[in-house]
Colleague: 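Submitted below is the structure of interest, expressed as structure tokens.
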Number of protein chains: 2
Amino acid sequence: MKAIIQTDPADPRSLHWQETHIPTPREGEVLIQVAAAGLNRADTLQAQGHYPPPKGVSEVLGLEAAGVIVDPNGCVRPDGMPYREGDEVGALLSGGAYAEYTIVPAGQLTPVPDGFGLQETASVIEAACTIWSNLMMTAHLREGDTLLIHGGGGGIGIFATQLAHALGVRVAVTAGSPEKLDVCRRYGADVLINYHEEDFVKVVKELGGADVILDIIGAKYLEGNVSALAPDGHLVIIGMQGGVKGELNIGKLLAKRGNISATGLRYRDREDKARIVAETVENVWPMLEDGRICHHVDRVFPIQDAAEGHRALLDGEITGKAIFEVAR
Amino acid sequence: MKAIIQTDPADPRSLHWQETHIPTPREGEVLIQVAAAGLNRADTLQAQGHYPPPKGVSEVLGLEAAGVIVDPNGCVRPDGMPYREGDEVGALLSGGAYAEYTIVPAGQLTPVPDGFGLQETASVIEAACTIWSNLMMTAHLREGDTLLIHGGGGGIGIFATQLAHALGVRVAVTAGSPEKLDVCRRYGADVLINYHEEDFVKVVKELGGADVILDIIGAKYLEGNVSALAPDGHLVIIGMQGGVKGELNIGKLLAKRGNISATGLRYRDREDKARIVAETVENVWPMLEDGRICHHVDRVFPIQDAAEGHRALLDGEITGKAIFEVAR
Ligand SMILES: NC(=O)c1ccc[n+]([C@@H]2O[C@H](COP(=O)([O-])OP(=O)(O)OC[C@H]3O[C@@H](n4cnc5c(N)ncnc54)[C@H](OP(=O)(O)O)[C@@H]3O)[C@@H](O)[C@H]2O)c1
Ligand SMILES: NC(=O)c1ccc[n+]([C@@H]2O[C@H](COP(=O)([O-])OP(=O)(O)OC[C@H]3O[C@@H](n4cnc5c(N)ncnc54)[C@H](OP(=O)(O)O)[C@@H]3O)[C@@H](O)[C@H]2O)c1
């Protein structure tokens with residue numbers, strides 16, 4: 001098979017479509033032929049050497065895929081519904097999506113939502129699982145809450161905006177351009193904050209504070225996020241685009257009984273991932289099927305152009321998601 | 001009636017037993033004649049001007065009391081069990097315990113545990129509610145977990161050690177002397193750390209990390225606490241004896257999917273407090289009654305000697321709890 005191989009570990013752009021061996025599924029794993037792989041910011045970090053795959057996982061990039069099962073290896077989904085050879089599926093991966101074939105632990109397979117193609121499926125898996133696990137399982141977001149989403153125009157941001165809006169949550173978003181903010185508005189954001197022009201802390205405080213904050217910036221926004229939290233609020237940090245170490249004012253946090261969680265999907269164990277995938281499919285797939293949440297595939301690149309896809313994401317050209325197409 | 005009045009706001013030792021007016025219960029409140037009031041470190045902070053009572057609450061010190069109902073004011077506990085005039089009760093307060101009479105929202109009354117006197121009752125209420133709400137309702141401590149308790153020899157520490165030990169949790173404690181650590185050991189602590197001699201981070205890492213940390217130090221221990229957390233661990237900060245602002249390494253927190261909560265009982269609203277008191281009485285009172293948790297009243301001062309009680313606590317002379325006796 002062919003896969004994207006990074007030929008120079010020191011050069012994140014050295015991503016080449018090359019011959020390599022087909023991986024062999026072990027117990028509890030399924031082999032799929034990949035039709036589409038989602039592009040995530042984490043892939044760019046991994047190419048830069050900052051985000052290694054967990055032990056035992058392929059070095060090949062790519063955290064989500066959709067395709068066709070070629071070897072079900074006796075696997076049955078945890079809910080008892082078996083997948084068979086030839087079934088179309090989605091897959092949450094710890095790596096390996098930028099390839100013609102990839103292996104998936106059975107608990108990390110998803111159905112293809114009714115009305116979705118394989119590219120659209122590959123575009124929602126990582127975002128849906130990340131957002132459901134963080135907003136619902138960790139922060140217990142509820143109808144009537146106020147949610148602040150940083151990076152509202154990104155793949156995560158657009159999806160989170162739609163999910164929260166569908167749940168009856170008031171959504172405030174930050175983004176860096178009027179164009180991105182306009183997309184956020186169309187997907188249900190109630191309060192639009194251009195972070196180049198406005199202070200999100202001030203805006204969110206005027207709303208009475210945020211019950212939940214979904215943050216991708218980390219250190220640079222830590223102080224502001226704690227200030228913007230409502231009493232009993234929950235700050236969930238899933239990215240560190242603005243640095244790793246920040247000052248925490250514990251007094252301020254204690255005065256509002258605040259909570260901070262920092263989480264990631266990739267290094268969780270299989271049981272945990274299977275639990276998250278199952279809850280996400282149960283709760284989010286119906287919203288995809290009845291249109292409460294739309295995929296937002298902004299651009300499709302041939303997988304051979306992986307390096308160009310990374311460049312476009314890093315240069316801020318992508319609103320929503322970019323997908324790699326893997327032609328048979 | 002008489003109460004402890006701080007005659008000079010600038011002098012935390014100016015605590016005098018003086019004549020003042022009896023407070024009048026409003027709707028949903030009960031008047032009790034106080035027999036015993038617990039001494040908490042927060043009282044010393046309030047006397048120093050750092051911890052003002054919430055709006056509408058007595059300026060008189062004291063967060064927990066036990067005594068006899070003199071005016072039930074038509075009140076019925078949330079579970080439907082009415083308290084009557086003459087009933088002995090405990091009370092979780094937002095202030096006002098250092099007095100002959102105090103008013104209590106009905107949802108914050110507790111029964112006197114079987115086998116307990118009023119002094120013992122007054123010694124456990126604030127600790128039990130603080131610990132149950134933090135370890136169980138916030139951090140979801142479970143059998144088999146490892147718990148690190150800072151200040152194991154304090155009022156909070158000794159109670160938390162017993163509760164966790166009774167629940168099948170492995171308990172590590174820090175304290176500043178062999179004597180305090182020996183008391184911790186007798187109450188069920190498994191791992192004893194003298195913080196003057198040993199690095200708690202190193203010890204706890206060797207145990208595989210702490211699933212939950214109950215912290216009273218704040219800034220000074222923030223970095224170490226994050227290092228000592230196990231994957232998916234929860235740091236709960238309830239005190240800031242070591243300062244307010246500390247550096248948070250978000251990368252380290254994210255790598256272990258850690259959670260930080262900072263909480264306090266005092267400024268919660270009545271519904272919240274009633275919920276906490278109800279859960280605490282339901283779960284902890286049986287443990288007090290069958291001896292799984294003992295009170296630890298170290299010293300009893302006449303209420304007239306409030307200033308001397310504060311001095312003894314601040315000078316580190318108290319292991320466990322000190323109680324003020326209010327003679328009729
Ligand atoms: N922990 C996990 O499990 C997990 C899972 C998935 C994703 N993530 C992380 O989540 C983050 C977002 O992922 P993604 O796929 O949505 O990436 P993305 O599509 O690149 O979106 C990131 C967005 O952030 C915006 N942004 C940049 N600086 C900002 C600032 N200072 N304030 C507010 N917004 C800012 C960017 O656009 P503009 O600046 O042009 O508005 C961009 O739209 C990444 O850091 C990723 O690593 C974590
Ligand atoms: N947020 C809330 O709702 C809430 C409720 C109750 C209490 N609290 C807070 O919880 C804390 C403890 O309360 P308490 O009533 O148990 O007070 P306490 O009886 O005075 O106990 C504090 C203990 O901390 C120990 N200690 C001091 N420095 C330490 C260090 N660097 N490392 C480890 N231990 C250290 C002290 O003894 P040694 O140094 O001699 O070992 C002492 O035994 C206070 O800060 C209080 O304000 C908060």
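If you're wondering where the values come from, they're calculated on a predicted model, not measured in any experiment.
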Colleague: Any side-chain heavy-atom pair from A:Lys245 and B:Glu247 closer than 4.5 angstrom?
Modeller: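 Result yes, sub-4.5 Å side-chain heavy-atom pair found.
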Colleague: Would you call B:Tyr267 and A:Arg257 a side-chain contact if the rule is heavy atoms closer than 4.5 Å?
Modeller: yes
Colleague: Indicate the atoms forming the closest heavy-atom contact of A:Ile250 with B:Ala219, along with that distance.
Modeller: CD1-N, 3.4 Å
Colleague: Counting heavy-atom pairs under 4.5 Å to chain B, which of A:Gly246, A:Gly264, A:Gly251 comes out on top?
Modeller: A:Gly246
Colleague: Not counting sequence neighbours, list each pair that qualifies as a side-chain hydrogen bond (donor to acceptor under 3.5 Å, both in side chains) and has a residue in residues 131-140 of chain A.
Modeller: A:Trp132-A:Glu279, A:Asn134-A:Thr263
Colleague: Please output the residues of residues 234-244 of chain B in contact with chain A, using a heavy-atom cutoff of under 4.5 Å, in numerical order.
Modeller: B:Ile237, B:Ile238, B:Gly239, B:Met240, B:Val244
Colleague: What is the distance from atom CG of A:Leu248 to atom CG of B:Leu222, rounded to the nearest 0.5 Å?
Modeller: 6.0 Å
Colleague: Sequence neighbours excluded, which residues qualify as salt bridge (Lys or Arg N to Asp or Glu O under 4.0 Å) partners of B:Arg268?
Modeller: B:Asp272
Colleague: Once rounded to the nearest 0.5 Å, what's the spacing between atom CG of B:Leu253 and atom OG of A:Ser261?
Modeller: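 Between atom CG of B:Leu253 and atom OG of A:Ser261 there are 7.5 Å.
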Colleague: For chain A, which residues from residues 43-64 of chain B have at least one heavy atom closer than 4.5 Å to it?
Modeller: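 Expected list: none.
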